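Report on the structure given below.
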Amino acid sequence: MFPHDLFAEPPAPAEPPQSAPPSASPLLAHLNPEQLAAVTLPRGHALILAGAGSGKTRVLTTRIAWLLQNGYATPGGILAVTFTNKAAKEMVTRLSAMLPIQVRGMWIGTFHGLCNRLLRAHHKTAGLPQSFQILDTQDQLSAIKRLCKQFNVDEERFPPKQLAYFIAGCKEEGMRPGDVPAHDADSRKKVEIYQLYEEQCQREGVVDFGELMLRSYELLRDNDAVRAHYQRRFAHILVDEFQDTNRLQYLWLKQMAGDVVDGRLHTYGSVMAVGDDDQSIYAFRGARVGNMADFVREFAVEQQIKLEQNYRSYSNILDSANALISHNSRRLGKNLRTNQGPGEPVRVYEAPTDLAEAQWMVDEIKQLVRNDGHARREIAVLYRSNAQSRVIESALFNASVPYRVYGGLRFFERAEIKHALAYLRLLENPHDDTSFLRVVNFPPRGIGARTLEVLQDAARQAGCSLHDAVSAVPGKAGANLGGFVAMVDVLREQTQGQNLRSIIEQMLHASGLVEHYRAEKEGADRIENLEELVNAAESFVTQEGFGRDAVALPIDEHGAPLTQSPASQGLDPNAPLLDAPLPGPAGIVDADTGETLSPLAAFLTHAALEAGDNQAQAGEDAVQLMTVHASKGLEFDCVFIGGMEEGLFPHDNAASDRDGLEEERRLMYVAITRARQRLYLSHSQTRLLHGQTRYNVRSRFFDELPEGALKWLTPRQGGFGSFAPDSGAARGYPAKAAGGFGFKPETFASPPVPPQKAAPSHGLRVGLAVFHTKFGEGKVLAIEGTGDDARAQVNFPRHGTKWLALSVAKLTVVE
DNA sequence: GGAAAGAACGTTTTT
DNA sequence: CGTTCTTTCC
C-alpha cells in the first residue's frame with residue numbers, strides 16, 4: 001500500500017504566469033487570440049467552449065506541449081482523457097510532432113483505457129484478478145441471457161437487451177444495486193437481476209465497460225492512499241469532448257482532481273475541460289451536458305474561453321448552423337464566425353421518392369467530381385439512421401461511383417475473431433464461462449444444449465465454474481466435455497512462456513477453427529481474418545501500442561513514480577528531450593508485486609478496448625456514407641444530408657419531448673458543420689420504410705435555416721415552411737395551420753400524396769389541418785396503411801405528435 | 001446436431 | 001423490405 005509519508009512531493013513545477021507571455025515560441029505561432037489565451041491559461045480550472053471547426057484538438061495538444069516546454073508540468077503529471085481511441089491516438093501523434101519528447105510517461109487515453117490501467121495496477125485493492133477479462137456489449141448480453149435462463153427470469157417481461165441497457169444505465173449513474181431506487185415489483189426484480197449479474201461477473205473474473213469505470217471510481221473513492229497518489233501526481237487534467245461525459249465519468253474526474261471537504265471541492269491539480277454543448281448528441285447513452293454547468297459551479301471555474309472562430313466552412317454554411325442551433329433553449333451561448341466569404345448557397349432539393357432523392361445525389365456527386373474536380377473522398381452523404389443508406393448505396397453502385405459505408409462490424413467484433421479470442425481468454429482464465437460457452441461446441445464437437453444444461457446445473461450446485469464442473473457430467477457427453485477442457489488445458493501448458501504469435505497459431509490449429517472454416521463455403525474470408533488476427537497480435541507486440549501500455553503504471557510498490565525519464569526529475573526546458581526507451585520490463589505493472597501483465601492478457605485487453613477501426617482504407621478515393629453520429633469530428637468539402645423529413649430527422653422517437661427535439665437539432669447542427677464548401681439538403685415526399693411506403697413532410701429544420709443562405713432547387717410546397725416559425729416554445733410548433741395551403745400541391749408536377757389508388761375513405765392528406773375532440777387542432781404529418789389499419793401521424797401543438805388509428809380516432813378536417 | 005422455415009423487429013453508438 | 005433470432009423438423 002501507499003503510506004503517506006513515502007510520497008515524495010514532486011519538485012514544485014514553476015507556476016504558469018498570471019498573464020500570457022509573448023508568443024515568441026514557435027509553438028504558439030498561428031494561434032488566434034482566444035486559442036492563445038486557452039493554451040497559456042494560468043493554473044486553475046478552465047472550461048473551453050470550442051465550437052465546431054475552431055481548432056479544439058489543436059488547443060488541447062498545444063496546451064500540453066506548452067506546459068511541458070515551459071516546465072509547468074512534467075509528462076508524468078499530465079492526464080488527458082478522450083472518448084475514442086482515435087482521438088487519443090491523434091493527440092499522441094500531434095503531440096509527438098510538436099515536441100521531441102517521449103509521450104510515454106503521460107497518461108493519454110480513453111476513459112475506459114485509463115480505468116483499465118488503474119484496475120490492473122491495483123487489481124488486488126479493487127478486488128479483481130490481475131488478468132480480468134473485459135466483456136464487450138455482445139459478451140455482456142450473452143452473460144445476461146445465460147443468467148436469465150439460470151434463474152428462470154421471464155424473458156418476455158424482462159428482455160435481456162433491456163436488462164443490459166438498465167444495468168449499463170445504472171453504472172453510468174454510478175449506482176450499485178443497493179443505490180437504485182426500486183418502488184415497484186418490476187424495478188425490484190431488475191435490481192435483483194443486476195445484483196445477480198454482478199455476482200456472476202465477479203465469480204468469473206470479468207468486467208463490462210461500465211464496471212471498468214465504476215470499479216475504478218470506487219477504487220479512488222474508497223482508498224485514500226491510492227487517491228492521494230494520483231491526485232498529487234496529475235497536476236494537469238485535460239478532458240476532451242466534455243459534453244459527452246456521463247455522471248460517473250464526471251464523478252471519476254472529481255475523485256482524480258480532489259476531495260470534497262465540508263461540501264466544497266478542494267483540488268490539487270488543474271482541470272481543463274474542452275467541449276461544445278451544441279454538439280452533445282449522446283444523451284441517449286447517458287451523456288450529461290449538465291456536467292458542464294456542474295463543473296463550472298463545483299470547481300469554481302474562473303476561466304471560461306469561447307473558441308468561436310471557425311476555420312472550416314463558408315459563411316452560408318456557418319450561418320445556417322448558427323441560425324438552426326439558435327432555436328435551442330438552454331445553451332451556454334456561442335456563435336461561430338468565419339473570415340471566409342459566403343461561398344455557395346446551401347442547396348435544397350425535394351424529391352418525389354427516396355429513389356429519386358438518391359439518384360439526384362448521385363447526379364450531383366458526379367458533377368462535383370467531373371466538373372468541379374472534387375475528390376470523391378471529400379464528398380460525404382450523411383443520414384439520420386442506417387436504414388437510409390441502402391437506397392443511396394444501390395444508386396451509387398448502379399452508377400459505378402465508388403463509395404464506402406462507415407459503421408457496421410469492426411474487426412474484433414467479427415464472429416470468427418470473437419471465437420478465437422474466446423479460446424485465448426480461456427487460456428488466460430479457465431473460469432470465464434462466457435468464453436467457455438461461446439466455443440465449447442464451436443467447432444461442433446458433439447456438445448449440445450442438453451449436455452450444457454447438465455453442466456450448468458452441476459456448476460451451480462458446486463458453486464464453481466463450468467470448467468471445474470466438467471468431471472461431474474457422466475457418460476459420452478461428459479467425455480466430449482472432458483475432451484474440450486483437456487484440449488484447452490494442454491494448449492495452455494504447451495504455450496506457456498511462448499510468444500504471442502505462436503500461442504495464437506497453435507490455438508487456431510488445436511481448436512479446429514481453421515479446419516472448420518476451410519470446410520465451409522464462405523469460410524475463406526474468415527480464415528483470412530484469422531490470419532489477420534495473428535498480424536494484429538504481432539504488430540501489437542512490436543509496435544508502439546504495446547510500448548505505450550508498457551509504462552501504463554510508472555509507480556513502484558511504494559507508490560513512487562517508476563518513470564525515470566528526465567521529466568519526472570523536473571523538466572529542464574533547455575535540455576534536449578530524449579526519446580530513449582524506458583527502463584524496466586514491458587507490460588502493465590502490478591502496483592503491489594511489480595508483476596507484469598502477460599503479453600496475451602495485454603493483447604486481449606487491447607482487443608476488448610479497441611474493437612478495431614471501421615474506417616475507409618486510406619488512399620481509396622470513395623464517396624463516404626455514414627450516419628450523422630459517425631460524422632462527428634470529421635469534415636468534408638461537400639456534404640449531402642438526406643432524408644430531411646419529419647419523423648426521420650427529427651426522428652419520430654425523439655421529436656415528442658423538448659429534450660429529444662433539441663438533441664435532434666444539435667445532431668443537425670453537427671451534420672451541417674461537417675461541410676467546408678458545399679452543403680446539400682434533401683427530402684423526399686415518399687419513402688419505403690419497413691416494407692411500407694411512408695408519406696413524409698419536409699423537416700421543420702428547414703424553417704429554422706436562414707432563407708438568404710438557401711437555394712431551393714425545387715418549388716417549395718405547403719408544409720412546415722409556410723407556418724409561422726416558432727416563437728421560442730418548442731412545443732408550440734407548428735403554431736397553427738393559418739396559410740398552410742397557400743401553395744396548392746396540385747399546381748406542381750409532383751403528385752399529391754398519398755397516391756389515389758382508390759380514394760381513401762378517411763379523406764385525409766399529409767399536410768391537412770385536422771381537429772380532434774381531445775387534442776384539439778393538429779396537422780397531419782404522415783399517413784400509413786389502408787382501410788381499418790390506416791393510421792395517421794398528427795402533430796398537436798399542445799399534446800405533441802401522435803399516431804392515431806383512423807378507424808378509432810375521431811378526426812375532422814379543418815377548412 | 002444441423003439445415004430450413006417462421007417470427008419478430010427495425011434511431012443514433014463508443015468503450 | 002431485410003435482417004436476425006427462434007423454432008421446427010429431419
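Residue numbering restarts at 1 for every chain, and letters A, B, ... go by the order of the sequence lines. As the structure is a prediction and not an experimental result, all values here were calculated from the model.
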Could you check A:Gly446 against A:Arg285 and say which one's nearest nucleotide on DNA chain B is further toward the 5' end?
-> A:Gly446
Which of B:dT13, B:dG2, B:dT11 is nearest the side chain of A:Pro444? It is B:dG2
B:dT11 versus C:dT6 - spacing of their C1' atoms, nearest Å | 25 Å
Length of the CD-C1' vector between A:Gln388 and C:dT3, whole Å | 17 Å
Quick one: which of B:dT15, C:dG2, C:dC1 gets closest to the side chain of A:Leu688?
-> C:dC1
Between B:dT14 and C:dT3, how far apart are the C1' atoms? Round to whole Å, please.
-> 23 Å
Spacing of A:Gln138 atom CD relative to B:dT14 atom P, expressed in whole Å | 13 Å
Which nucleotide sits closest to the side chain of A:Asn441: B:dT12, B:dT14, B:dG1?
-> B:dG1
Polar side chain donor-acceptor pair, A:Glu645 to A:Ser699, under 3.5 angstrom | no
Whole-Å distance between B:dT15 C1' and A:Leu119 CG?
-> 14 Å
Rounded to whole angstroms, how far apart are CZ on A:Arg665 and C1' on B:dT11?
-> 18 Å
Check whether any side-chain heavy atom of A:Phe242 lies under 4.5 Å from a side-chain heavy atom of A:Val274, and answer yes or no.
-> no
Looking at every strand, decide which applies to A:Phe284 at a 4.0 Å heavy-atom threshold: base, sugar-phosphate, or nothing.
-> base
Side chain of A:Asn85 (C-beta onward), nearest among B:dG1, B:dT15, B:dT13 = B:dT15
5′-ward residue of the pair A:Thr137/A:Glu664 relative to DNA chain B | A:Glu664
Among B:dG1, B:dT13, B:dT11, the one nearest any side-chain atom of A:His651 is B:dT11
Between A:Ile641 (CD1) and B:dT11 (P), how many Å, whole number?
-> 21 Å
For A:Asn386 and B:dT13, is the shortest distance between a side-chain N/O and OP1 or OP2 below 4.0 Å?
-> yes
Assign A:Asp208 to base, sugar-phosphate, or nothing according to its heavy-atom contacts below 4.0 angstrom with the strands shown.
-> nothing
Verify whether one side chain among A:Tyr406 and A:Gln624 offers a donor that lies under 3.5 Å from an acceptor in the other.
-> yes
Send over the distance from A:Tyr165 OH to B:dT11 P, rounded to a whole Å.
-> 13 Å
When we call it a touch if two heavy atoms are under 4.0 Å apart, what does A:Asp136 touch: a base, just sugar-phosphate, or nothing?
-> nothing
Nucleotide nearest A:Arg390 when distance is taken to its side chain, options B:dT14, B:dT13, C:dT3 = C:dT3
State whether a side-chain donor-acceptor pair under 3.5 Å links A:Asp276 with A:Gln243.
-> no
Using atom CD1 of A:Ile392 as one end and atom C1' of C:dC1 as the other, report the distance to the nearest whole Å.
-> 16 Å
Any A:Asp139 side-chain heavy atom under 4.5 Å of A:Arg425 side chain | yes
Tell me, do A:Leu609 and A:Thr110 make a side-chain contact under 4.5 Å, heavy atoms counted?
-> no
For A:Tyr282, answer base if it contacts any base atom (sugar-phosphate contacts may also be present), sugar-phosphate if it contacts only those atoms, and nothing otherwise; contact means non-hydrogen atoms under 4.0 Å.
-> sugar-phosphate
Would you call A:Glu515-A:Arg518 a salt bridge at under 4.0 Å N-O?
-> no
With the side chain of A:His690 defined as its heavy atoms from C-beta on, choose the nearest nucleotide among B:dT15, B:dT11, B:dT13.
-> B:dT11
Give a yes/no on whether any side-chain N or O of A:Asn653 is located under 4.0 angstrom from OP1 or OP2 of B:dT12.
-> no
Candidates B:dT15, B:dT13, B:dT11 - which lies nearest the side chain of A:Thr110 | B:dT15
Indicate, with a heavy-atom threshold strictly under 4.0 Å, whether A:Ile447 touches base, sugar-phosphate, or nothing.
-> sugar-phosphate
Length of the OH-P vector between A:Tyr406 and B:dT14, whole Å | 13 Å
Which whole number of Å gives the distance between the P atom of B:dT13 and that of C:dT4?
-> 15 Å
